[in-house]
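See below for the structure under consideration.
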Amino acid sequence: MANTLIRNGTVVTAHETKAADVLIEGERIKEVRAGIPPDSAATIIDAAGMYVMPGGIDAHTHLDMPFGGTNSADDFETGTRAAAFGGTTCIVDFAIQARGTRMRDALDTWWKKAEGRACIDYGLHMIVTDLGACGLEDMDDMVNEGVASFKLFMAYPNVLMVDDATIFKALSRTAKNGALICMHAENGSVIDVLIARALAEGKTAPIYHALTRPPRAESEAVHRAIAMAEIAGVPVYIVHLTSEDALHEVREARDRGLPAFAETCPQYLLLSIEELERPNFEGAKYVFTPPLRPKEHQPKLWDGLKHDHLQVVSTDHCPFCFADQKILGKDDFTKIPNGGPGIENRLQLIHHYGVNSGKLSLNRFVEITSTAPARIFGMYPRKGEIAPGSDADLVIWDPNAAYTISAKTHHMRVDYSMFEGFACRGNARTVLSRGEVIVDGNRFLGKPGRGRYLKRAARGGAWK
Ligand code: URP
Ligand code: ZN
Ligand code: ZN
């Protein structure tokens with residue numbers, strides 16, 4: 001692949017903003033400085049008036065994921081293409097260990113799902129449902145394959161939930177193998193009782209999904225997860241944190257110097273519980289876990305992002321079509337497939353509602369959407385950075401592009417948008433993945449299958 005030079009742009013990373021050109025040689029960045037001669041490269045991209053940023057990293061996606069008898073609507077091809085349109089050049093998806101099986105079976109299954117389809121580079125976390133006789137050895141095996149993080153569920157009893165002993169054993173193992181445990185923190189046993197009560201009272205509408213999963217059920221589980229990690233002496237990462245109550249637990253732990261990390265998602269920053277009361281069953285479009293909260297939680301989450309009490313914004317992209325999938329729960333909210341779409345819109349939303357509204361600096365925007373997930377999940381500095389030697393995963397971002405989010409124009413394979421009509425200023429204009437232009441304006445130039453599996457490094461390990 002010949003050299004490419006991105007000229008006249010403003011390079012924005014997590015730590016600086018500067019006028020500089022970026023020279024790419026093959027798949028990697030070769031040089032970053034002002035005044036690189038134009039004859040250094042066969043291809044010139046003019047980025048005047050644009051920001052040049054590391055490509056977005058979405059550390060929480062569910063492509064082609066089985067749930068409640070159906071599968072999430074985007075597969076690795078449609079999902080990663082949509083991600084690229086929004087400036088995301090790398091994802092970390094979740095393989096799921098079926099109970100009673102080996103983690104390697106799940107890894108093979110998810111590699112097959114991605115093979116020939118992924119348009120951008122991808123890593124995999126492993127969802128642990130069963131440690132069984134060889135689960136701890138399986139965890140080590142996964143780490144050797146670059147699966148450097150595991151998700152455990154404190155919710156969904158009898159399906160995904162594991163007990164505290166299993167959580168503690170898994171946490172303790174990471175002291176040896178350097179992996180990171182990611183927790184879905186909700187008290188599933190309490191929630192199940194609340195659900196049973198609601199159904200017994202004939203409360204079947206989507207809003208009861210939220211009302212049976214109160215913020216205290218989340219904060220209690222966050223507290224417990226952090227306590228178990230503290231006893232095991234290891235870090236922990238709370239996924240999709242939604243509430244002030246849960247944030248308080250993370251902040252308190254971090255103030256005590258504990259390595260507790262957490263992410264939130266655009267839906268929790270921008271949408272609230274009223275969405276679930278939309279008429280004609282449209283509230284089902286907003287059924288995911290943990291659920292949306294009252295509006296008062298939103299400024300607390302923004303503040304948490306600003307002050308590094310929260311480290312990452314990911315999407316938890318898990319789309320189900322309204323017409324033929326969400327509808328499965330028409331008479332019973334517990335049968336609505338849990339999840340919502342968002343892989344395409346994360347940068348647009350956080351740039352507009354975070355940076356343009358003065359809540360976040362531009363550098364913090366890059367940090368929480370790219371650099372921090374690269375560091376936390378063992379991909380830095382290959383990903384999430386603009387420096388010699390890093391992969392040339394770059395977004396040329398037009399800070400003034402006006403864009404209104406709509407299911408009519410988005411690229412996700414789902415028949416609605418959670419952010420329909422949200423007007424944003426700022427959008428990806430050109431997207432490069434390992435030096436190759438894969439998005440240019442409205443055109444997708446990448447190929448399914450070009451995305452590579454990323455072997456991520458465990459804590460203390462070097463990027464391989
Ligand atoms: O409702 C959600 N979030 N679905 C995806 C699975 C999970 O818990 O992240
Ligand atoms: Zn979860
Ligand atoms: Zn998820």
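Please read these numbers as outputs of a predicted model, since none were measured by experiment. All heavy atoms count here, side chains included; hydrogens, waters and symmetry mates do not. Each ligand, and each atom within it, is numbered from 1 in the order the structure gives.
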*Would you check, one step at a time, whether the test side chain to side chain donor-acceptor pair (under 3.5 Å) holds for S390 with Y380?*
CA-CA 8 Å; S390 293; Y380 187 85; over 6 Å; no
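- Cation-pi geometry between K326 and F320 is not satisfied (NZ or CZ under 6.0 Å from the ring centre, within 45° of the ring normal).
- Restricting H184 to its N/O/S atoms, the shortest distance to the Zn ion (ligand 2) is reached by ND1.
- Counting all heavy atoms, side chain and backbone alike, T212 lies closest to A198 at CG2-CB, 3.8 Å.
- At the top of the distance list for atom 8 (O) of ligand 1, counting protein heavy atoms only, stands H184 ND1, 3.0 Å.
- Side-chain atoms of S433 never come within 3.5 Å of backbone atoms of E436 as a donor-acceptor pair (strictly under, hydrogens ignored).
- Under the 6.0 Å distance and 45° angle rule, K113 does not count as a cation-pi partner of F76.
- Defined by atom type and a distance below 3.5 Å, a donor-acceptor pair is missing between the side-chain atoms of S243 and R293.
- Each of the atoms 8 (O) of ligand 1 lies under 4.0 Å from some heavy atom of F153.
- Look at H240 and the Zn ion (ligand 3): no N/O/S atom of the residue is under 2.8 Å from the metal.
- Heavy-atom proximity to H240, at under 4.0 Å, picks out these atoms of ligand 1: 7 (C), 8 (O), 9 (O).
- The aromatic ring centres of F444 and H411 sit 6.0 Å or more apart.
- Shown are D93, T315, D316; of these, the side chain to side chain donor-acceptor pair (under 3.5 Å) with H60 is made only by D316.
- Distances from the Zn ion (ligand 3) to the N/O/S atoms of D316 are shortest for OD1.
- Per-residue contacts place H60 under 4.0 angstrom from the following atoms of ligand 1 (heavy atoms of the residue considered): 9 (O).
- Regarding atom 4 (N) of ligand 1, its nearest protein heavy-atom neighbour is N338 O, 3.2 Å.
- The aromatic ring centres of H184 and Y156 sit less than 6.0 Å apart.
- Residue contacts with ligand 1 for F67 are absent, since no atom lies close enough (heavy atoms, distance under 4.0 Å).
- When the heavy-atom distances from atom 9 (O) of ligand 1 to K151, H317, H209 are ranked, the shortest goes to K151.
- For the Zn ion (ligand 2), the set of nearby N, O or S atoms under 2.8 Å includes none belonging to P290.
- Every atom of ligand 1 with a heavy atom of F288 under 4.0 Å away is listed here by number and element: 1 (O).
- For atom 6 (C) of ligand 1, the closest heavy atom belonging to the protein is H62 NE2, 3.6 Å.
- Among the backbone and side-chain atoms of H62, an N, O or S atom lies under 2.8 Å from the Zn ion (ligand 3).
- Closest to the Zn ion (ligand 3) among the N, O or S atoms of H60 is NE2.
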_For a side chain to side chain donor-acceptor pair (under 3.5 Å) check, start with the C-alpha distance between S361 and R364, then their side-chain angles and the critical distance, and finish with the verdict._
CA-CA 5 Å; S361 72; R364 185 66 181 152; over 6 Å; no
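- Of the protein's non-hydrogen atoms, the one nearest atom 1 (O) of ligand 1 is T289 N, 2.8 Å.
- Residue contacts with ligand 1 for D316 involve side-chain atoms from C-beta outward but no N, CA, C or O (heavy atoms, distance under 4.0 Å).
- Distance alone, capped at 3.5 Å, places no donor-acceptor pair between the R425 side chain and the N356 backbone.
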